[in-house]
Student: 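Mind having a look at this structure? Questions to follow.
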Amino acid sequence: NFLLEKNAVNAYLCGHDHNLQHLKPKGPGPEYFVSGAGSSTRQDVDPRRADLRWSHESQGFLLFSWSKSSPDVFQVDAHDISGKLIYSATLPRR
């Protein structure tokens, strides 16, 4: 986490937790996005986690994008298996 904070990383992207998650620990540092619900899913996310902003325990995917009209904003959209938007987050560039 120290290297991510030191280099002003906005987001850390990872997979293989068999669900979708958005985590934001307290204090400075990146927000974490887990995209691992493409095939099998697992329902073991503790909703009481202090750093949990959102989770989805069914099949789906995350879409990460930047806009030419807003280059200082990082957009994360979560979609269910049918492509329906189920969550959205915006992060400012650091």
Student: Go through it in stages, so that I can follow the logic: the residues are Y32 and L4, the test is side-chain contact (heavy atoms from CB on, under 4.5 Å), and I'd like the CA-CA distance, side-chain angles, deciding distance and then a yes or no.
Tutor: CA-CA 11 Å; Y32 296 82; L4 300 176; 3.8 Å; yes
Student: How many angstroms lie between atom CZ of F33 and atom CZ of R53, to the nearest 0.5 angstrom?
Tutor: 10.5 Å
Student: Without swapping roles, check the side chain of D80 against the backbone of S82 for a donor-acceptor pair under 3.5 Å.
Tutor: yes
Student: If you group Ile, Leu, Val, Met, Phe, Trp and Tyr by side-chain heavy-atom gaps below 4.5 Å, do L52 and Y12 land in one group?
Tutor: yes
Student: Let me have the donor-acceptor pairs involving side chains of residues 60-67, under 3.5 Å, with sequence neighbours excluded, atom names and distances please.
Tutor:
from : atom 1 : to  : atom 2 : distance (Å)
S67  : OG     : S69 : N      : 3.1
S67  : OG     : S69 : OG     : 2.7

Student: Would you say that P30 contacts N10 through its side chain, given a criterion of any heavy-atom pair below 4.5 Å between the two side chains?
Tutor: no
Student: Take I86 and W54 through the test side-chain contact (heavy atoms from CB on, under 4.5 Å) and record every step on the way to the result.
Tutor: CA-CA 10 Å; I86 54 174; W54 174 83; 3.9 Å; yes
Student: Side chains of residues 21-28: which donor-acceptor partners sit under 3.5 Å, not counting sequence neighbours?
Tutor:
from : atom 1 : to  : atom 2 : distance (Å)
Q21  : NE2    : D17 : OD2    : 3.2
Q21  : NE2    : N19 : OD1    : 2.8
H22  : ND1    : Y87 : OH     : 2.6
H22  : NE2    : E31 : OE1    : 2.4
K24  : NZ     : G27 : O      : 3.0
K24  : NZ     : G29 : O      : 3.3

Student: What heavy-atom pair brings Q59 and H56 nearest, and what distance separates the two atoms?
Tutor: O-NE2, 4.1 Å
Student: Do you know the tightest heavy-atom contact between L20 and A78?
Tutor: CD1-CB, 4.5 Å
Student: So do the side chains of Q75 and D77 get within less than 4.5 Å of each other, counting heavy atoms only?
Tutor: yes
Student: Share the residues that join V34 in a hydrophobic cluster, the rule being Ile, Leu, Val, Met, Phe, Trp or Tyr side chains under 4.5 Å apart at the heavy-atom level.
Tutor: none
